[in-house]
Participant: 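Handing you a structure now.
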Amino acid sequence: MIKFQDVPYMRLNMDRFEQKFRSQLEEFKHAKSFGAAYYALLGLDRIRDEFSTLAVICEARNTMDVNDVFYKEETEFFDRVKPRYEALENEMNEALLESPYQKEFEIHIGTEPFRMAALHKESFHPEIMEELKQENELSSKYSEMIANLKAETEEGVVPLSKIGTHMGSEDRNERAKYAAIWEKSFASAGEELDDLYDRLVKVRDRIAKKLGKKSFTEVGYCRMGRTSYTRKDIVSFREEVKKNLVPVAQRLFEKQRQALGVEVLYHYDEDIFAGGKNHSRHRIFWKTFKRYTRNFLLKQGSIMKNY
């Protein structure tokens with residue numbers, strides 16, 4: 001099996017890619033039979049895989065080392081061209097929704113691709129392409145800043161990620177000390193992070209307005225592909241969580257506080273248990289969470305019955 005480090009990467013020629021995509025899309029649009037349309041759609045999927053594969057490789061390698069000059073430049077490249085790719089996907093979604101073979105497609109691939117296409121269509125318009133580019137650039141800059149945060153410790157200045165073991169120490173004083181160092185590191189970059197976040201919020205607000213949405217929250221719901229439940233369902237689910245799960249979590253935290261023998265359970269105590277680390281509270285909570293979630297979805301008649 002090939003190792004990830006050996007997976008080949010070469011910058012995508014976006015002009016050639018777009019030409020190939022449009023050619024295949026025309027084949028889909030003018031298919032004379034369902035069979036021809038089906039194989040044309042498979043061809044589009046293969047072409048889409050070319051883009052997504054290179055984008056994922058680039059993102060992963062950039063995440064592994066945000067200061068790698070080559071993949072930093074490649075990330076900037078994808079930030080610029082992703083809106084063009086989204087425009088192509090939007091054209092494909094429109095063609096899929098307008099296909100005269102929709103009934104046949106639904107028999108072979110189900111109805112979900114059509115619901116997803118409709119949602120994606122709601123969250124894109126050519127008028128927002130410049131904002132999408134800005135959104136990508138700001139998001140990448142935010143991630144880069146977070147990855148480059150440093151911590152001032154007794155051993156010297158180290159990457160923030162290096163103090164994680166101290167924050168999981170069984171010594172409470174050590175946990176508290178390094179939690180404060182962690183917070184100080186973020187505070188030192190507070191103004192820049194706040195500025196990036198503020199600019200990102202404003203860009204996303206413009207996206208929402210241009211798409212005719214009340215807020216970016218509506219755009220976010222479309223982007224997340226929530227086809228089996230609505231925003232109204234989420235409101236009901238949150239109430240169920242508040243009513244049934246929050247009390248369970250509170251009781252577990254109280255038992256943990258008592259077992260640790262502390263007056264107040266702080267955030268740096270949450271993963272520590274009497275007698276050393278274990279994850280019994282997490283297992284109990286998530287088992288309960290999953291049970292209530294499944295029951296809620298069944299009650300709502302959701303299609304997610306295998307959750």
Side-chain angles (χ1 to χ4, degrees), residues 4 7 9-22 47-93 116 119-150 159-161 185-225:
F4 179 69
V7 174
Y9 174 88
M10 181 180 294
R11 177 179 288 196
L12 182 76
N13 185 316
M14 193 61 193
D15 291 333
R16 291 180 184 174
F17 176 84
E18 186 171 344
Q19 184 179 17
K20 182 164 59 172
F21 191 104
R22 291 189 183 284
I47 294 172
R48 292 166 67 206
D49 284 344
E50 293 177 27
F51 185 96
S52 60
T53 298
L54 291 175
V56 168
I57 292 173
C58 175
E59 181 180 7
R61 290 178 176 166
N62 176 247
T63 301
M64 292 164 64
D65 181 3
V66 294
N67 296 312
D68 183 301
V69 175
F70 177 80
Y71 282 106
K72 183 177 181 179
E73 291 178 351
E74 293 307 292
T75 297
E76 292 171 353
F77 165 75
F78 274 108
D79 286 344
R80 294 192 301 272
V81 301
K82 278 182 180 177
R84 289 174 62 184
Y85 176 74
E86 291 185 43
L88 292 172
E89 282 223 318
N90 187 62
E91 290 182 34
M92 184 194 73
N93 289 331
M116 290 293 291
L119 275 182
H120 291 158
K121 192 171 181 294
E122 277 193 53
S123 63
F124 181 86
H125 191 279
E127 288 185 7
I128 68 169
M129 288 182 67
E130 182 58 34
E131 280 78 13
L132 291 177
K133 178 182 173 183
Q134 294 172 17
E135 181 186 23
N136 292 337
E137 291 171 347
L138 288 169
S139 297
S140 293
K141 181 61 178 176
Y142 189 89
S143 297
E144 181 184 342
M145 282 194 65
I146 295 296
N148 279 320
L149 287 177
K150 305 294 183 183
L160 194 60
S161 59
S185 177
F186 272 89
S188 68
E191 288 188 14
E192 287 185 83
L193 291 172
D194 286 348
D195 176 63
L196 280 174
Y197 190 78
D198 180 66
R199 288 158 60 192
L200 184 59
V201 168
K202 289 174 181 176
V203 167
R204 286 177 166 172
D205 183 62
R206 290 200 299 274
I207 289 174
K209 295 292 191 297
K210 287 188 176 184
L211 291 172
K213 306 293 185 184
K214 292 181 180 179
S215 72
F216 186 77
T217 301
E218 294 182 25
V219 181
Y221 271 69
C222 292
R223 286 183 176 183
M224 287 186 280

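One is the number of the first residue; the rest follow in order along the sequence.
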Participant: Do the rings of Y142 and Y197 sit parallel, tilted or perpendicular, given the 30° and 60° boundaries?
Facilitator: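 Rings of Y142 and Y197: tilted, 30 to 60°.
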Participant: Ignoring hydrogens, what is the shortest heavy-atom contact between C222 and S123? Give both atom names and the distance.
Facilitator: CB-CB, 3.8 Å
Participant: What heavy-atom pair brings I207 and E131 nearest, and what distance separates the two atoms?
Facilitator: CG1-CB, 3.5 Å
Participant: Which heavy atom of L138 sits nearest to which heavy atom of R199, and what is that distance?
Facilitator: CD2-NH2, 3.5 Å
Participant: Got more than 12 heavy atoms from elsewhere within 6.0 Å of CD, Q19?
Facilitator: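 No, CD of Q19 has 12 or fewer neighbouring heavy atoms, counting only those of other groups under 6.0 Å.
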Participant: Would you mind checking if E127 and K210 are paired as a salt bridge, meaning a charged N to carboxylate O distance below 4.0 Å?
Facilitator: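 No.
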Participant: Testing K20, R16, R22 for salt bridge (Lys or Arg N to Asp or Glu O under 4.0 Å) with E18, which one passes?
Facilitator: R22
Participant: Taking all non-hydrogen atoms of both residues, which atom of A87 and which atom of F124 are closest, and how far apart?
Facilitator: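 Distance-wise, the nearest heavy atoms are CA-CZ, 3.4 Å.
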Participant: Might you confirm whether atom CE of M10 has over 12 heavy atoms from other residues, nucleotides or ligands at distances under 6.0 Å?
Facilitator: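 Open.
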Participant: Can you check salt bridge (charged side-chain N to carboxylate O under 4.0 Å, His left out) on E122 and K213, steps first, answer last?
Facilitator: CA-CA 9 Å; E122 277 193 53; K213 306 293 185 184; 2.6 Å; yes
Participant: Walk me through it: do L132 and R84 pass the test side-chain contact (heavy atoms from CB on, under 4.5 Å)?
Facilitator: CA-CA 10 Å; L132 291 177; R84 289 174 62 184; over 6 Å; no
Participant: Checking side-chain contact (heavy atoms from CB on, under 4.5 Å) for the pair Y9/E74: CA distance, chi angles, key distance, verdict?
Facilitator: CA-CA 10 Å; Y9 174 88; E74 293 307 292; 2.7 Å; yes
Participant: Are I146 and L193 side-chain neighbours, meaning at least one heavy-atom pair lies under 4.5 Å?
Facilitator: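 The answer is yes; the side chains approach within 4.5 Å.
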Participant: I'd like to know whether D65 forms a salt bridge (charged side-chain N to carboxylate O under 4.0 Å, His left out) with R61, so could you lay out the CA-CA distance, the side-chain angles of the two residues, the decisive distance to 0.1 Å, and finally the verdict.
Facilitator: CA-CA 7 Å; D65 181 3; R61 290 178 176 166; over 6 Å; no
Participant: Can you tell me how far the CG atom of L12 sits from the CZ atom of F78, to the nearest 0.5 Å?
Facilitator: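 Between atom CG of L12 and atom CZ of F78 there are 6.0 Å.
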Participant: Kindly determine whether F21 and F51 satisfy ring pair (Phe, Tyr, Trp, His ring centres under 6.0 Å), including the steps that lead there.
Facilitator: CA-CA 11 Å; F21 191 104; F51 185 96; 9.5 Å; no
Participant: If you draw a 6.0 Å radius around NZ in K82, do more than 12 non-hydrogen atoms from other residues or ligands fall strictly inside?
Facilitator: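 Yes, enclosed.
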Participant: Would the number of heavy atoms belonging to other residues, nucleotides or ligands and lying under 6.0 Å from NZ of K150 be above 12?
Facilitator: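 Yes - once you tally the heavy atoms of other residues, nucleotides and ligands closer than 6.0 Å, there are more than 12.
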Participant: Pick out which of N62, T75, D79 makes a side chain to side chain donor-acceptor pair (under 3.5 Å) with S140.
Facilitator: D79
Participant: Just checking, R48 and Y85: is the charged tip under 6.0 Å from the six-membered ring centre and within 45° of the axis?
Facilitator: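 Geometry flag: not set, cation outside 6.0 Å or 45°.
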Participant: Mark yes when over 12 heavy atoms from residues, nucleotides or ligands other than E59 sit less than 6.0 Å from its CD; otherwise mark no.
Facilitator: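 At most 12 heavy atoms, drawn from other residues, nucleotides or ligands, come within 6.0 Å of this atom.
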Participant: Could you go through F17 and I47, starting from their C-alpha distance and side-chain angles, then the distance that decides it, and tell me whether this counts as side-chain contact (heavy atoms from CB on, under 4.5 Å)?
Facilitator: CA-CA 8 Å; F17 176 84; I47 294 172; 3.5 Å; yes
Participant: For E89, does its backbone N or O pair with a side-chain atom of N93 as donor and acceptor, under 3.5 Å?
Facilitator: yes
Participant: Can you check whether N136's main-chain N or O pairs, donor with acceptor, with S139's side chain at less than 3.5 Å?
Facilitator: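 No, S139 side chain to N136 backbone: no donor-acceptor pair under 3.5 Å.
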Participant: With a 4.0 Å cut-off, would you call K72 and D68 a salt bridge?
Facilitator: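 No, no charged N to carboxylate O under 4.0 Å.
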Participant: Return the minimal non-hydrogen interatomic distance between L149 and A189, and the atom names on each side.
Facilitator: CD2-CB, 3.7 Å
Participant: Just verifying a value: how many Å separate L200 CG and Q134 CD, rounded to the nearest 0.5 Å?
Facilitator: 10.5 Å
Participant: Any chance NZ of K121 has more than 12 other-residue heavy atoms, nucleotides or ligands included, within less than 6.0 Å?
Facilitator: no
Participant: If I take atom CD1 from residue I128 and atom CD from residue E86, how far apart are they, to the nearest 0.5 angstrom?
Facilitator: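 If we round to the nearest 0.5 Å, I128:CD1 and E86:CD are 7.0 Å apart.
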Participant: F216 and A208: which non-hydrogen atoms are nearest, and at how many Å?
Facilitator: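 Shortest heavy-atom separation between F216 and A208 comes out as N-CB, 3.6 Å.
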